[in-house]
Protein chains: 2
Amino acid sequence: MTGTAAIIGGGVIGGGWAARFLLNGWDVRAFDPDPDAERKIGEVLGNARRSLPGLSDAPLPPEGRLSFHDNIASAVAGAAWIQESVPERLDLKHVTLAAIQAACAETAIIGSSTSGFRPSQLQDGAARPGQIVVAHPFNPVYLLPLIELVPTVANPPETVDAAKALLTSLGLYPLHVRQEIDAHIADRFLEAVWREALWLVRDGVATTEEIDNAIRYGFGIRWAQMGLFETYRVAGGEAGMKHFIAQFGPCLSWPWTKLMDVPELTDDLIGRIADQSDAQSGRHSIRDLERIRDNNLVAMMRALKQQDWGAGALLNAHDAALKPGAGLSGGVDKLETLDRLVLTLSRAVPLDWTDYNGHMTESRYLDAFASATDRFMELIGCDSDYIADPAGGSYFTAETHIRHLDEALAGTRIRVETQLLLGQGKKLHLFHRMYDGDRLLATGEHFLLHVSLETRRPCAPSAAIESALVRLSAAQSGLPWPEGAGAAIRKRS
Amino acid sequence: MTGTAAIIGGGVIGGGWAARFLLNGWDVRAFDPDPDAERKIGEVLGNARRSLPGLSDAPLPPEGRLSFHDNIASAVAGAAWIQESVPERLDLKHVTLAAIQAACAETAIIGSSTSGFRPSQLQDGAARPGQIVVAHPFNPVYLLPLIELVPTVANPPETVDAAKALLTSLGLYPLHVRQEIDAHIADRFLEAVWREALWLVRDGVATTEEIDNAIRYGFGIRWAQMGLFETYRVAGGEAGMKHFIAQFGPCLSWPWTKLMDVPELTDDLIGRIADQSDAQSGRHSIRDLERIRDNNLVAMMRALKQQDWGAGALLNAHDAALKPGAGLSGGVDKLETLDRLVLTLSRAVPLDWTDYNGHMTESRYLDAFASATDRFMELIGCDSDYIADPAGGSYFTAETHIRHLDEALAGTRIRVETQLLLGQGKKLHLFHRMYDGDRLLATGEHFLLHVSLETRRPCAPSAAIESALVRLSAAQSGLPWPEGAGAAIRKRS
């Protein structure tokens, strides 16, 4: 699903929305009265370009077109989704929403990035309340999947469903908040923790750095994957959740937290926090910290992706939705047409594949070639069904020969083209070429054996796979033997 | 630093402490009156053995010896650290601490795992208050680094310093809480969030699963790497932390959170939470969830390790402390003695190197060989100083030939032995053999070129490196040419 989106209000949040839409193939029309808006959105987009595409193991659609407009009416023309991210003042939100509704399509959905206002407050006095919802994102919007989607009874169910489908197609996770409350859900927790943290700093119990360490070395990293309740479920063990909560009861009334009071934000407290934060993080510029944060998020989200859990499971689901249109060579029914090299991989080099210089590290070349081999196996019918079948099997790599010819940077769009050198009985001999455009980066020659997963010993594959290999071999018979294939590491001494 | 530790009180927390000590080479003496204690500690230890050793990129010391004892006096004999993890009742803690102090060495440190009591409460009436501190861990203790170390004025500064050094040597991060308060630091946040979550479930605003998703798809994954203040510092942008906090002021007094009230934990609310939790996670057993959690934590912590940030930076510091005793072959001054294969890698296969079957994935063999090559480069003087020197350079891999001979499971202790085939001018030709015990898992043949990092073109290395290669080559001249080296991928057609 692609189309045209309008971004009303730039800055970090609006810019993040713009990047999320653009990199998922949408055209984006932006309006922000700030003369610096174009630069600011450009900076967010720059961060997004280096981090988002590689998060996906499937190629994203080509980037959409970004245009800047002098007024709201021009920006919203033709937009199917309009995202409002102006400052948190209700009067300003009302004026902005009125201007949007005066010009936008009646079928468009208007999402508000508000963290504090309820959707009924935004809809109050609107020309068409049913087209306005809260769609509250989390910074950085181009990486974090959570969107709190808060409708009211004024929104038709079809609008809510359409909003969910559209947000999901952007790789987002719309959390449908069924009952509007102040601050939605997540910010209620943030608010509670923030207040408690202010007390700890004010009372001199802990510095900002000590508080951050107390979070990120302990429960923070737990919450990144399981949240609160599932974490406690595991901690509670076999006795069960009911037992665990019941025993938690008494301490709830202990006067641990100071949240009954609101700390006074004096100049002294503000100054103390700012000073401590400088001592903690001042050696990094904000730009550096943004890049460090994005690197960390991409690396952790891709780690969760490998485990198919949490934010990583969302990414895998998004990849699965992207794959049909990924442009890779087609399946077993199209083998006769593959009379040239087969496209088995097309992706961006992700941040976690690179070293501190931003170059793809040695072992990730093999990672990419292994993915290309997996895709080739799918192509000839050795897919997940075949591998799961007790009567089936799989191909195991016996030997690999990689030649590194050129370097690739994070974000580079690489592709792998594959030639079948031999597919006979249990033997499979493949030759991969990895390119960035016309630049040959590496070649990977792989000899695989078909193995029974029961005995873990070599055996012939199914007749269907053997026949697929014969057909592909015939189709590719006109291709020359690749330069560098079948050779030993050159004895250059 | 290794020695003997005593664990008083088993269960998930005591078992986690036992595993942390054992896998870092300490002997552990355990006491728990529960007849199931041995089984329970064994289960935690089983989880730890599959996840902790591979977290490290350096080999851990050999595992210590675990013994079970009938009484506290026997358990604490000869222990330098005694960890108390009995249930959270002050009278029980006092009785236990008295029994420990009646038998333990006066030089031992007694840490309490209490999450709620202040150290002065524990020290109250003790024979030697100065030897008791709070050392509050986070579950799973064998993976999460945070320990809240809370002393009082009764503890001599040397005791606090010794406790910090000992905990750090276990790969833990002792957060020195300088002023004792109820619930220390982290649990004040957990308590605040927990209360707010109970309200949301009670009021039907969100289910346990929706709350977990609101955390783990948004701020949870942010907090895993930067915590609260640094995250806001980045979000605040160039305007600075002071400006950001000041603007936050007004909304602190908004009545968002309901934390002023304590929710009543009725049977109805307990039942609702338990039911929702079953719906959310009931398809996984607690054992499965433990493994899933550990896989996720290891994968994320190793992702942060690669970024050298947060919990990952702690792991790198711990590896650096382990490395001198890691048993790998020595440096450039010992080359003449390396007349056999050089030990260039010794490590456990980490969870994030394996596929869903627990087998090491293809590209991680190259990951291991690349680490072995890095170690070999250090050995001949191509170390981080040389690479950072503008007049220096580095070796880039030009070709790689891997033969996969056998499989390796998560947790397997692998080692790589390396033979120098050629080191002359810009050329370096290495042959790695990867073993699990006597089992040859794979060989890696690598041809590298020395490259100037300025021009990125091949050139000769420094005279010191050339001389090191000549010396090593002479030392290894008696080794036979390795089987499989210098060969092409076998033409088996």
Side-chain angles (χ1 to χ4, degrees), chain A residues 138 145-146 173 179 182-183 185-186 189 191-193 196 205 208 212 214-218 220-221 223-225 227 229-230 234 241-242 245 249 253 256-257 259-260 262 265 270 274 277 281 289 295-296 299-300 303 307 310 362-363 366-367 370 399-403 422 447 487-489 493, chain B residues 138 145-146 173 179 182-183 185-186 189 191-193 196 205 208 212 214-218 220-221 223-225 227 229-230 234 241-242 245 249 253 256-257 259-260 262 265 270 274 277 281 289 295-296 299-300 303 307 310 362-363 366-367 370 397 399-403 422 447 488-489 493:
Chain A
F138 291 78
L146 182 64
Y173 177 81
Q179 179 183 326
D182 289 323
I185 293 175
F189 300 127
E191 171 84 359
V193 168
E196 189 66 26
V205 173
T208 60
D212 281 356
I215 293 172
R216 69 189 183 147
Y217 297 152
I221 202 160
W223 283 1
Q225 39 98 40
F229 285 98
E230 199 159 56
V234 185
M241 194 70 178
K242 202 166 213 159
I245 301 170
S253 54
W256 284 354
T257 56
L259 284 146
M260 306 71 165
V262 177
L265 214 52
I270 292 176
S277 174
S281 319
L289 283 172
N295 287 2
N296 292 341
M300 288 195 300
Q307 305 299 328
E362 194 174 337
S363 67
L366 181 50
D367 212 329
E399 291 193 53
T400 288
H401 181 192
I402 298 172
R403 294 181 309 152
L422 173 76
F447 187 85
I489 286 183
S493 51
Chain B
F138 290 78
L146 183 64
Y173 176 82
Q179 179 182 327
D182 289 323
I185 293 174
F189 300 127
E191 170 85 0
V193 168
E196 187 66 25
V205 173
T208 60
D212 281 356
I215 293 173
R216 68 190 184 147
Y217 297 153
I221 201 159
W223 283 1
Q225 40 97 40
F229 285 98
E230 199 160 56
V234 184
M241 195 69 178
K242 201 165 212 159
I245 301 169
S253 53
W256 283 355
T257 57
L259 284 146
M260 304 71 167
V262 177
L265 214 51
I270 292 175
S277 175
S281 318
L289 283 173
N295 287 2
N296 292 341
M300 288 195 301
Q307 306 299 326
E362 195 175 337
S363 66
L366 182 49
D367 213 327
T397 304
E399 289 192 55
T400 288
H401 181 194
I402 297 173
R403 293 181 310 152
L422 173 76
F447 188 85
I489 287 184
S493 54

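Throughout, a chain's letter reflects where its sequence line sits, starting with A, and its residues are numbered from 1. Because the structure is predicted, anything quoted here is derived from the model rather than measured.
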- Query: Side chains of A:Ser277 and B:Phe229: does their closest heavy-atom pair fall under 4.5 Å?
  - Reply: no
- Query: In Å, rounded to the nearest 0.5 Å, how long is the span from CD1 of B:Ile185 to CD of A:Glu196?
  - Reply: 10.5 Å
- Task: Select, from B:Ile215, B:Thr400, B:Ile221, the one with the greatest count of heavy-atom pairs under 4.5 Å involving chain A.
- Result: B:Thr400
- Message: Tell me the closest heavy-atom pair linking B:Ala299 and A:Ala303, and the distance in Å.
- Response: O-CB, 3.4 Å
- Minimal heavy-atom distance between A:Ala488 and B:Glu399, with the atoms involved, is O-OE1, 4.3 Å
- Query: What's the spacing between A:Asp212 CG and B:Gln225 CD if we round to 0.5 Å?
  - Reply: 10.0 Å
- Going by the angle between their ring planes, with limits at 30° and 60°, are B:Trp223 and A:Trp223 parallel, tilted or perpendicular? parallel
- Task: Output the option from A:Gly227, A:Pro145, A:Ala224 having the highest count of non-hydrogen pairs under 4.5 Å with chain B.
- Result: A:Ala224
- CD of B:Glu362 to CG of A:Asp367: how many Å apart, nearest 0.5 Å? 9.0 Å
- Considering residues at least two apart in sequence or located in another chain, which fulfil the side-chain hydrogen bond (donor to acceptor under 3.5 Å, both in side chains) criterion with B:Ser281? A:Glu230
- Query: Would you say the side chain of B:Val193 lies within less than 4.5 Å of the side chain of A:Val193, judging by non-hydrogen atoms?
  - Reply: yes
- Query: Can you list the steps and then say if A:Ile402 with B:Leu366 is a side chain to side chain contact (heavy atoms under 4.5 Å, CB included)?
  - Reply: CA-CA 11 Å; A:Ile402 298 172; B:Leu366 182 49; 4.0 Å; yes
